[in-house]
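First comes the structure, then the notes that go with it.
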Amino acid sequence: MSTEGVIYRVAGPVVTATGISPKMYDVVHVGNEQLMGEVIKIVGEYSIIQVYEDTDGIKPGEPVTNTGRPLSVELGPGLLTSVYDGIQRPLPILREKMGDYIYRGVSAPGLDHSKKWEFVPTVKVGDLVSEGEVFGTVQEGPVVHKIMVPIGMKNAKVENIKSGHFTIDETVATIGGRDVPMIQYWPVRNPRPVAEKYQPDIPLVTGLRVLDTMFPLAKGGAAAIPGAFGTGKTVTQQSLAKYSDAEIVVYIGCGERGNEMTEVLTEFPELKDPRTGESLMKRTVLIANTSNMPVAAREASVYTGMTIAEYFRDMGYNVALMADSTSRWAEAMREISSRLEEMPGEEGYPAYLAGRLSEFYERAARAKALCGQDGSVSVIGAVSPPGGDLSEPVTQNTLRIVRVFWALDTKLRERRHFPTINWLTSYTMYDRQLQSWYKDNVAEDFPALKSWAMKTLQREAELQEVVQMVGSDSLPDEQKVTLEIAKMIREIFLQQNAYHPVDCYCPLARQYKMLTLIKKYSDLSDKALVSGAQVDKIVHLPVRTRFNQAKYEDNVDEELAGVEADMESQFAALGA
């Protein structure tokens, strides 16, 4: 197989070469500066390459070298706290080499190959091990990094195993006649294997009331957050990263504006992990590929992030992967497709857009890993439709694949209602599968309570249309009370302050208590109406003010108990 060739044609990041006889998706080095690229199409003797860097100044006749290997990432100790670009080059290391601007052709390994880690074996000489089984551990900050038998080894005998401090390249064990270091390499476009996939019947608990109660995401599931600029996609994803019950966070800034990515890079190290009290970065991997970076690397960034997430899932961890945003990824595919002169689909996107989105989202799963433990990758993909148009192809194709839709609403943002998730247009398809978990772990009547709240909000939307035509004074008393109860659900329950030290996270037990109290207010209001109480007195009871404020108090659970006592006494005074 020939490994040396020359450039035949250059069209932006797409380069045509001859004379290298590669396989599909082989990594090649292009031009005198040895720019990294990937073979994406082969036509006879011509190899079409997408280059991950700027191709200005590259000309036909310059050399092209085929490595014979697909685009792969380095997996091992040192991943956590790292900040990478789309092809796993560590940005802090590149900055040390050349300052704030990355030059072309510069590369650095994804992991630190000189740092020594303390390896603790978990098997002994003579044991039989197979692919994916854990044979040792390394303490990486608050996370136990499990060193696994490489994929492809079956029932191999441990012939030698060491303990002590080693670099990731040094041999720590000899298994089946093969020297095994702590580092592994994995091609990013290939999903990592699992022993068994499970039904998505355990929720990813986020601490956000509108998500956990109204539109829950299952562990191993996929959700989409489409919304226009300024509706709070990034803040919502940061809240999910900080408070969801996932042990590992992988955040992919895919084609986002530089200032937004700067906020993420500066704020994540400052975020305090509520579990350990340390920096959230200690269990986070960040992939930063801003909009001014080459588009080809943006296309690769989501696969890089997904492979890293699957690697931690294979250790038995629950991983939350944030992709912000898949719209920019699709735009990169559109640009490369046009340079390949492929037949365009809707709005110029390639005809295979839906297939690529499916390949990405379907790698989300809760599964029994090869090591025997349960792990999951939950994917939350932000979508940035131009002008907030949810009918455009990326949003529509994403909605055909994912089972949770959190619709961010510009009108809610204008009303200062955060999170701006619209309760009338959002949905989840995991409701039925998660019902038994909520009944067993929260309360038997939790699903029924949620159903009542949703019906009340839908009834409010219907009544608002009547109010706009004839005014609220013409409504019967029962409907006036319904509007007030819906207002309580919106303002007390659904609204949540991501920056408030108490309200930013709400446990499921507290969510249940708050919703129970609103339902109790509704039931007592109905009784008061029957006994002849006036609507104005019912809806303006002093307890509502205390209820509104309770979620911000340090002793919030005690306050809610006080709200319940006040509610009973004040309604008793009305004769309810």
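The analysis underlying the following values was restricted to heavy atoms, covering all of them including side chains, and did not include hydrogens, waters or symmetry mates.
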Checklist entry - Are any of the side-chain nitrogens in Glu392 or Arg334 under 4.0 Å away from the carboxylate oxygens of its partner? => result no
Next on the checklist: Quick test of your reading: applying ring pair (Phe, Tyr, Trp, His ring centres under 6.0 Å), list the pairs with at least one residue in residues 336-371, sequence neighbours left out, ordered by first then second residue.
Outcome noted: Trp329-Phe360
Item to check | Side-chain H-bond candidate by donor/acceptor type, Thr420 with Asp409, under 3.5 Å | outcome: no
Item to check | Carboxylate-amine/guanidinium proximity below 4.0 Å for Glu299 and Arg189 | outcome: yes
Next on the checklist: Please enumerate all residues that pass ring pair (Phe, Tyr, Trp, His ring centres under 6.0 Å) together with Phe418, with sequence neighbours excluded.
Outcome noted: none
Checklist entry - Stepwise, does the salt bridge (Lys or Arg N to Asp or Glu O under 4.0 Å) test hold for Arg366 with Asp201? => result CA-CA 9 Å; Arg366 187 171 73 87; Asp201 53 11; 2.8 Å; yes
Checklist entry - Any sub-3.5 Å donor-acceptor pair from Asp245's side-chain atoms to Val205's backbone N or O? => result yes
Checklist entry - By side-chain contact (heavy atoms from CB on, under 4.5 Å), which residues pair with Ala354, not counting sequence neighbours? => result Asn397
Next on the checklist: A cation-pi test, strictly: NZ or CZ of Lys146 under 6.0 Å from the centre of the six-membered ring of Tyr317 and no more than 45 degrees from its axis. Yes or no?
Outcome noted: yes
Checklist entry - Does Arg89 come within less than 4.0 Å of Glu53, counting only side-chain N to carboxylate O? => result yes
Next on the checklist: Which label fits His145 and Phe312: parallel for a plane angle under 30°, tilted from 30 to 60°, or perpendicular past 60°?
Outcome noted: perpendicular
Checklist entry - Can you list the residues that meet the ring pair (Phe, Tyr, Trp, His ring centres under 6.0 Å) rule with Tyr185, with sequence neighbours excluded? => result none
Next on the checklist: Any carboxylate oxygen within less than 4.0 angstrom of a Lys/Arg side-chain nitrogen, looking at Arg363 and Glu359?
Outcome noted: no
Checklist entry - Does anything in residues 40-64 pair up under ring pair (Phe, Tyr, Trp, His ring centres under 6.0 Å), and if so which pairs, sequence neighbours excluded? => result Tyr8-Tyr46
Next on the checklist: Going by salt bridge (Lys or Arg N to Asp or Glu O under 4.0 Å), name the pairs with one or both residues in residues 71-80, residues two or more places apart or in two chains.
Outcome noted: none
